[in-house]
2 protein chains.
Amino acid sequence: MERRDLHAPGREPRAGDRPEPEGGLARITLGTQVYDALRDLLIAGGLAPGERLSLRTVAERLGTSMMPAREAVSRLVADEALEVLPNRAVRVPVITLDKFRELTRVRIAVEGFAAAEAARAVGPGALAAIQAHDAAFRHEVRSPEPDLERAMRANRDLHFAVYEAAGLPSLVAIIEGLWLRIGPVLNLDMRSSPRRLAEGGAQAHHAALVAALAAGDAEGARAALSADIAGSAAFIETTGRLAP
Amino acid sequence: MERRDLHAPGREPRAGDRPEPEGGLARITLGTQVYDALRDLLIAGGLAPGERLSLRTVAERLGTSMMPAREAVSRLVADEALEVLPNRAVRVPVITLDKFRELTRVRIAVEGFAAAEAARAVGPGALAAIQAHDAAFRHEVRSPEPDLERAMRANRDLHFAVYEAAGLPSLVAIIEGLWLRIGPVLNLDMRSSPRRLAEGGAQAHHAALVAALAAGDAEGARAALSADIAGSAAFIETTGRLAP
DNA sequence: TGCCGTGATCTGTGATCACACTTAGGCTGG
DNA sequence: CCAGCCTAAGTGTGATCACAGATCACGGCA
């Protein structure tokens, strides 16, 4: 919370900020908005592992009272994306090496299944979108001056486009929960040593994944995605930033 | 909320009810207690699909103020175990047939993976516990007057003993989230037509599952558990209580 | 100089109040 | 007798206050 502004650019929400009845069909509560803001920060690596949060700080930073912040943080704690220490302090969990390996195994199983289902269910439109994200990612990492932020966003968009193509929304929700927990460590390490991107391991896995999806090869898609996750995890482990 | 008391038997929590510092190491907040109470009700079928909840009613029923109820309901809504209608009314979601089938597919994938891992990782102690739950379930359904409540609890204990034997806590948490969502419909239908228990389909699947676990046969365990879930789901579909 | 005690400050949690909104029931006017 | 409005009760959401506990820095004693 120290380093980034949670606001959307140019938007400055205030406490009594509901002049128009929000037009849309579904009502978006302030608590949900704060939740989404924190969630995006976590997945994008805007919050480092071990970083402490304060309900009052979050609330003030977003221009709301403490209540929406409470609800958002409470939900994130329930998702284990945040944790409250016995001191009552809230912080981004510091993942231990064992926990990281466990999460990686679960990811390979769950996301691998999603990729396999996607290979069976993907349509031409979704496939085109996936290929676009793949191209964007490849273009970014091959650029002479790669933009880390954009590359990781393209990577995320590619993955979730695949998962959504499986046609199982509950599965996507589960995967989002997993990304919420590995996001901080993954992004932090990527940020600290961007050479991983240039190595091209991810590109190769992505290419194999897209090819398998296009061919309707479920097991091929599962294998490619598993290799992608495993490769990324192996890199993270070598950086040694994980707690013992 | 109309039909059951959320209190543990003989326990009557009151608002200012913290004379002793709760002894334990981790502090259990009131919000978490309410969450656990509602969660158990949902998994055990104490709340029917479509049933409406009210924060004030929940709070009063548990002897707390509205705040802990808010937090608990908010978390359950985040888990999709409850839903808030555009009217701002909170109710147990009414699962559609398509959604039920989707959840079943995800369950087979995720819980099947857990069973396979359990076959690889289970130790003698955990295996004994699993066998005990299996025996309890078999004893209950073979009894001349089966106690539905006890049978379903034994079934749940058996399943989760297997999942925990996999040694992947994050996976167990995911599965709990899934059970939270199918619990109401599953329990309701079981309650309305208990003959399913007597048919013995579940017993056979359980026996095959336990045998596979004892033999370290991962794929056998996965197959047995998948068959158990599929059989149960097929039965639920025949009762036709699901929304179109 | 080093260490312990102590108070100010900050934390999350719980309770209470206020508000916009929905909904259901009763009353009035036809 | 029926249809219409319209009030009153009930809803979740947001804000504010109160409080126990933890943290940390400062100051005084040894």
Side-chain angles (χ1 to χ4, degrees), chain A residues 1-2 13-38 50-78 81-93, chain B residues 1-2 13-38 50-78 81-93:
Chain A
M1 294 307 307
E2 315 290 271
R14 281 294 163 227
D17 193 11
R18 221 176 333 168
E20 44 192 336
E22 202 65 33
L25 297 85
R27 176 179 162 72
I28 304 296
T29 69
L30 281 181
T32 302
Q33 294 181 38
V34 176
Y35 175 83
D36 288 340
L38 290 178
E51 191 168 343
R52 296 245 309 270
L53 296 197
S54 147
L55 294 188
R56 289 168 176 85
T57 307
V58 173
E60 189 184 5
R61 193 92 66 172
L62 276 125
T64 73
S65 89
M66 218 169 60
M67 281 296 317
R70 271 173 80 167
E71 183 190 321
V73 167
S74 155
R75 281 169 57 180
L76 288 167
V77 168
L82 293 178
E83 68 181 1
V84 354
L85 306 177
N87 332 346
R88 285 183 170 180
V90 176
R91 70 167 189 183
V92 182
Chain B
M1 293 310 308
E2 315 291 89
R14 281 293 162 227
D17 193 10
R18 219 176 335 169
E20 45 190 335
E22 201 63 36
L25 296 85
R27 175 178 164 73
I28 304 295
T29 69
L30 281 180
T32 302
Q33 294 180 38
V34 176
Y35 175 82
D36 288 341
L38 290 179
E51 190 168 344
R52 297 246 308 272
L53 296 196
S54 146
L55 294 188
R56 290 169 176 83
T57 308
V58 173
E60 188 184 5
R61 193 90 68 173
L62 277 125
T64 72
S65 90
M66 218 170 60
M67 281 296 317
R70 271 172 81 167
E71 183 189 321
V73 168
S74 154
R75 281 168 57 178
L76 288 167
V77 168
L82 294 177
E83 68 181 0
V84 355
L85 306 176
N87 330 347
R88 286 183 168 180
V90 176
R91 70 166 188 185
V92 181

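Numbers restart at 1 for each chain; the letters A, B, ... are given by sequence-line order, proteins then strands. Reckoned from all heavy atoms, side chains included, excluding hydrogens, waters and symmetry mates. Keep in mind that what you see is a predicted model, and the values were worked out from it rather than measured.
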Using side-chain contact (heavy atoms from CB on, under 4.5 Å) as the criterion, list what pairs up with V84(B), not counting sequence neighbours. V77(B), V90(B)
Cationic N near anionic O, under 4.0 Å, E83(B) to R91(B): yes
Specify the separation, in whole Å, of atom CD of E60(A) and atom P of dA15(D). 13 Å
Whole Å only: how far is the CG atom of L55(A) from the C1' atom of dC10(C)? 12 Å
When you check the phosphate oxygens OP1 and OP2 of dT11(C), does a side-chain N or O of S54(A) lie under 4.0 Å from one of them? yes
When rounded to the nearest 0.5 angstrom, what distance separates CG in L62(A) from CG in L30(A)? 9.5 Å
With a 3.5 Å cut-off and heavy atoms only, can you find an N or O donor on one side and an acceptor on the other between the side chain of R70(B) and the base of dG14(D)? yes
Under 3.5 Å, which protein N or O atoms sit close to an N or O of nucleotides 22-24 of chain C? Give each pair with its distance.
unit_1  : atom_1 : unit_2 : atom_2 : d
dT23(C) : OP1    : N87(B) : ND2    : 2.9

Report yes if the side chains of P68(B) and Q33(B) come closer than 4.5 Å at any heavy-atom pair, otherwise no. no
Across all chains, not counting sequence neighbours, the side-chain contact (heavy atoms from CB on, under 4.5 Å) partners of A59(B) are T64(B), A69(B)
Among dG12(D), dG14(D), dA15(D), which nucleotide sits nearest the side chain of S65(A)? dA15(D)
How many Å lie between CD on Q33(B) and C1' on dG14(C), as a whole number? 13 Å
Does a distance-only test, which skips hydrogens and angles, find a donor-acceptor pair under 3.5 Å between the side chain of R56(B) and the base of dG10(D)? no
Looking only at the side chain of E71(B) (C-beta and beyond, no hydrogens), which of the listed nucleotides dG14(C), dA15(C), dG14(D) gets closest? dG14(C)
Whole Å only: how far is the CE atom of M66(B) from the C1' atom of dG12(D)? 7 Å
To the nearest Å, how far apart are L53(B) CG and dG12(D) P? 9 Å
Ranking dT11(C), dG14(C), dG14(D) by distance to the side chain of P68(B), first place goes to dG14(C)
What integer distance in Å separates M67(B):CE from dG12(D):C1'? 12 Å
Output the rounded distance in Å from CG (L30(B)) to C1' (dC19(D)). 14 Å
V90(A) side chain: which of dT16(C), dT11(C), dG12(C) is closest? dG12(C)
Does some side-chain heavy atom of R52(B) sit less than 4.5 Å from a side-chain heavy atom of V92(B)? no
What I want to find out is whether E60(B) reaches R56(B) closely enough, with some N-O distance under 4.0 Å, to be called a salt bridge. no
Can you name the residues that form a side-chain hydrogen bond (donor to acceptor under 3.5 Å, both in side chains) with R70(B), not counting sequence neighbours? none
What's the separation between atom CE in M67(B) and atom CG in L55(B), rounded to the nearest 0.5 Å? 10.0 Å
Using the C1' atoms of the five pairs at each end, what is the angle between the end axes of the helix from dT1(C)-dA30(D) to dG30(C)-dC1(D), to 10°? 20°
Can you tell me how far CG of L82(A) sits from CD of E51(A), rounded to the nearest 0.5 angstrom? 10.5 Å
Take atom CG of L62(A) and atom P of dG14(D), then tell me their distance rounded to the nearest Å. 13 Å
